[in-house]
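Quick caveat, the model's predicted, so the values are computed rather than measured.
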Amino acid sequence: MTRQRDWPQSHRDTERFEKAGSSLRQFAALAAFEFSRGFSTHGKLGFLFLVASATIEFSRRYATRNLFLRYPALKRRAKVSRRSAAKNWPGNSTLERLKTAFTFAALCLCASVAFSFSTQAQDLRWGGDAEGGAPYLLPDPKNPRQTIGFEIDLMNALGKQFKRKSVFVQNQWDGLIPGLQRGSYELAVNGIEITDDRKQQVNFSIPYYVCGEQLSVRASENSINSIADLKGKIVGTLKFSLAHRLLEEAKKEFDGALEIRSYENQNNPYDDLTNGRLQAVLMDWPIAVYYSKPNPKLKFTGSIIGEMQYGIAVRKDDSELLKQVNEALLALVKSGELKAIYEKWGIWNDETDKLFAKLSQPEQKSDALAEFTQTVSAKLTWRERLKRYWGYLPALLFVGAPMTLLISVLGMALAIAFGLALALVNLYAPKPFSWLARAYVEVFRGTPLLIQLYLIFYGLPGLPFGGIRLSPIVAGVVGLGLNYAAYEAENYRAGIQAIPRGQMEAALSLGMTRWQSLRHVIVPQAMRLVIPPVTNDFIALFKDSSIVSVITMVELTKVYGQLAATYYDYIGAGILTAAIYFLMGLPFVRLARWAEARLATDKRVVSSAKKRWLGVGAKPA
């Protein structure tokens with residue numbers, strides 16, 4: 001056994017460097033977590049990811065230096081093919097650094113999620129969909145990073161009654177009840193109508209607002225005044241709403257002579273009505289006040305149709321919380337605060353049983369309505385339009401982009417690790433395990449990613465013995481990682497099978513075990529071969545990350561939808577969002593090109609950036 005003092009000087013220097021580097025990485029992780037305590041959850045995750053990236057970059061810069069310090073003979077023995085090939089294989093130090101980097105990212109993610117859970121118990125968390133639009137919930141036209149609406153004011157007032165901070169949780173509207181049942185928030189508030197079928201799933205508070213349905217047509221239309229006049233027409237409405245049910249009943253009476261088009265967003269039907277795709281729109285009265293009445297090309301027709309009540313949804317087992325919500329709403333009603341909120345937003349009805357009398361009253365003064373109408377319908381000059389586009393950037397870059405980048409990188413890391421394991425099991429494990437690996441690949445490649453996310457986020461909590469409850473970010477990363485692991489497994493299988501069989505035989509003849517042969521000979525070469533398809537898969541995953549918005553994640557595409565629904569600007573906001581996606585993906589493409597050239601075994605001369613676009617590409621020496 002040799003003692004440390006008998007080692008070469010370069011070897012002892014390397015050992016001291018690695019010990020210092022390990023201590024530095026641990027200190028960076030602790031310092032980053034402590035420093036990020038004051039950040040929001042999204043800010044915390046973004047900051048920790050940046051620190052992890054810096055640590056990985058620090059290790060990468062010194063990887064080559066350490067390799068030659070420890071093995072100086074590699075330079076002198078380059079003529080021998082086996083030793084020359086070993087020069088290009090990842091050493092143990094590289095594997096240790098990769099292991100440390102993945103451990104660092106996982107610890108940061110778990111610590112941030114645990115810290116966010118500790119703060120949730122102190123807040124009054126309630127779910128809604130900010131993409132729904134005015135006057136319920138919408139991004140502030142002056143500050144898109146802030147959500148406003150009469151239900152925001154309502155829940156802030158309710159939070160004061162509870163002496164708890166009101167915290168809004170973004171969720172898809174048709175997933176509000178499932179999200180409430182799985183425990184993502186305590187209350188669901190977003191114009192949810194109290195119906196018998198919903199009462200079977202959740203409890204409702206006393207109604208906090210009552211309204212009916214308003215029919216809207218183009219200003220030149222005079223033949224439609226009620227539902228009875230809709231026979232043979234094309235009518236738009238919101239899905240899962242009272243208006244949709246009323247139109248379905250009318251369709252039965254007309255023997256199918258009525259075409260109903262349902263929408264997820266409340267502004268799109270009025271756009272189609274203006275553009276001539278629809279002949280009428282039936283919506284809740286508050287929605288019509290904000291989206292139909294300010295439009296000079298549209299008008300109200302007929303009287304209010306039907307009656308509906310909005311309530312706050314509570315889980316079945318939260319009877320005490322339901323009692324507190326009812327008491328708080330009664331207090332707001334008696335104090336006049338609830339009436340003041342509705343008057344502010346221009347949707348006040350004197351009494352729920354006198355709703356129909358509202359249209360005959362003088363038009364009420366509504367600062368919020370006037371401000372919203374002026375902001376949205378104003379004709380902008382090019383300078384004003386560019387200024388508005390500049391205002392989009394904080395929400396897109398600092399809210400949506402960091403979350404998209406985080407879930408994409410973590411999801412791809414999981415896909416690469418799990419995909420490599422699947423490929424090895426498929427090729428070298430006993431038949432039963434090999435068949436299971438193949439079945440996994442076929443199932444996850446053959447089913448939609450959206451369905452898999454729904455099953456992970458909404459299905460797992462319903463399993464026996466309490467189920468499995470994942471936070472939105474963990475569910476998104478796991479869903480993307482498991483789905484793309486199936487594709488990566490096929491990439492690695494092709495790469496491993498592309499290595500000549502003689503290399504495995506040569507490694508075995510040198511006394512290596514099968515595992516050592518795979519680790520030191522086959523897999524490193526296969527990793528180099530599959531860099532191009534893996535890069536393509538990462539770009540595809542980067543774009544598919546937009547799907548995670550269905551499980552309450554607010555990422556880049558979700559922010560774009562909110563901005564577009566607020567300003568009716570799908571082109572400008574869409575071009576900006578697409579440009580951000582493109583610019584965020586370019587560094588990873590460049591990194592893949594660099595890694596491919598760095599790990600190449602044959603000699604190539606890489607052309608400079610001045611001669612080739614973006615500096616990528618190579619030509620034979």
Side-chain angles (χ1 to χ4, degrees), residues 41-42 45 105-106 109-110 112-113 116-117 127-132 169-185 188 190 201 239-240 264-265 399-419 422 439-463 466-489 537-562 577 581:
T41 302
H42 291 175
L45 292 174
L109 176 62
C110 295
S112 300
V113 172
S116 65
F117 280 145
D129 187 4
E131 197 172 342
V169 179
Q170 168 63 33
N171 199 359
Q172 200 85 353
W173 191 89
D174 52 7
L176 285 176
I177 299 300
L180 176 66
Q181 292 174 329
R182 71 182 300 274
S184 298
Y185 32 80
N190 196 189
Q201 302 177 20
K239 63 179 183 180
F240 309 129
E264 293 186 357
N265 296 328
V399 177
M403 184 56 62
T404 295
L405 185 63
L406 179 65
I407 61 179
S408 299
V409 172
L410 293 180
M412 195 62 191
L414 175 61
I416 290 174
F418 191 38
L422 286 172
Y440 177 93
V441 170
E442 297 303 327
V443 169
F444 274 80
R445 286 197 310 175
T447 55
L449 174 59
L450 182 61
I451 301 299
Q452 296 169 16
L453 287 174
Y454 273 129
L455 290 175
I456 292 172
F457 192 68
Y458 293 114
L460 292 182
L463 294 177
I468 302 175
R469 300 178 183 273
L470 301 177
S471 66
I473 185 172
V474 174
V477 170
V478 170
L480 290 171
L482 294 182
N483 180 269
Y484 273 82
Y487 297 93
E488 300 314 301
D537 285 342
F538 177 75
I539 299 301
L541 183 146
F542 198 74
K543 295 179 291 185
D544 283 348
S545 63
S546 60
I547 301 178
V548 302
S549 62
V550 301
I551 56 172
T552 73
M553 291 292 298
V554 180
E555 41 69 59
L556 192 55
T557 302
K558 187 66 174 180
V559 174
Y560 158 67
Q562 295 174 354
T577 305
Y581 270 111

Legend entry - Y581 side chain vs F542 backbone, donor-acceptor pair below 3.5 Å: no

Inset, instruction - Look at the side chain of R182 and the backbone N and O of L460, then say whether any donor-acceptor pair between them is shorter than 3.5 Å. - result: no

Inset, instruction - Kindly say whether L556 contributes a backbone atom to a donor-acceptor pair with the side chain of T404 at under 3.5 angstrom? - result: yes

Inset, instruction - Show your reasoning for whether side-chain contact (heavy atoms from CB on, under 4.5 Å) applies to L406 and I473. - result: CA-CA 9 Å; L406 179 65; I473 185 172; 3.5 Å; yes

Inset, instruction - Could you tell me the separation between the CD1 atom of I456 and the CD1 atom of I451, rounded to the nearest 0.5 Å? - result: 11.5 Å

Inset, instruction - Indicate the atoms forming the closest heavy-atom contact of Y560 with T577, along with that distance. - result: CB-OG1, 3.4 Å

Legend entry - Spacing of L414 atom CG and E488 atom CD [to the nearest 0.5 Å]: 11.0 Å

Inset, instruction - Start with the C-alpha distance between F457 and L470, add both sets of side-chain angles, then the distance that settles side-chain contact (heavy atoms from CB on, under 4.5 Å), and finish with yes or no. - result: CA-CA 7 Å; F457 192 68; L470 301 177; 5.6 Å; no

Legend entry - Closest non-hydrogen atom pair between A486 and F444, with its separation: CB-CB, 3.9 Å

Inset, instruction - Carefully, step by step, assess T557 and K543 under the rule side-chain contact (heavy atoms from CB on, under 4.5 Å). - result: CA-CA 9 Å; T557 302; K543 295 179 291 185; over 6 Å; no

Legend entry - Closest non-hydrogen atom pair between I407 and S545, with its separation: CD1-CB, 3.9 Å

Legend entry - Shortest non-hydrogen contact from N171 toward Y458: OD1-OH, 3.5 Å

Legend entry - Partner residues of S546 under the side-chain hydrogen bond (donor to acceptor under 3.5 Å, both in side chains) criterion, sequence neighbours left out: none

Inset, instruction - Would you give the length of the straight line joining atom CG of L455 to atom CG of L482, rounded to the nearest 0.5 angstrom? - result: 11.5 Å

Legend entry - Contact list for residues 441-463, test salt bridge (Lys or Arg N to Asp or Glu O under 4.0 Å), sequence neighbours left out: E442-R445

Inset, instruction - Report yes if some heavy atom in the side chain of L180 is under 4.5 Å from a heavy atom in the side chain of L176; otherwise report no. - result: no

Inset, instruction - Drop me the distance from L541's CG to M412's CE, to the nearest 0.5 angstrom. - result: 6.5 Å

Legend entry - Least distance between heavy atoms, G476 atom then V548 atom: CA-CG1, 4.1 Å

Legend entry - Stepwise ring pair (Phe, Tyr, Trp, His ring centres under 6.0 Å) check, F418 with Y440: CA-CA 11 Å; F418 191 38; Y440 177 93; 5.3 Å; yes

Inset, instruction - Search all heavy atoms of V441 against all heavy atoms of A489 and return the closest pair with its distance. - result: CG2-CB, 4.0 Å

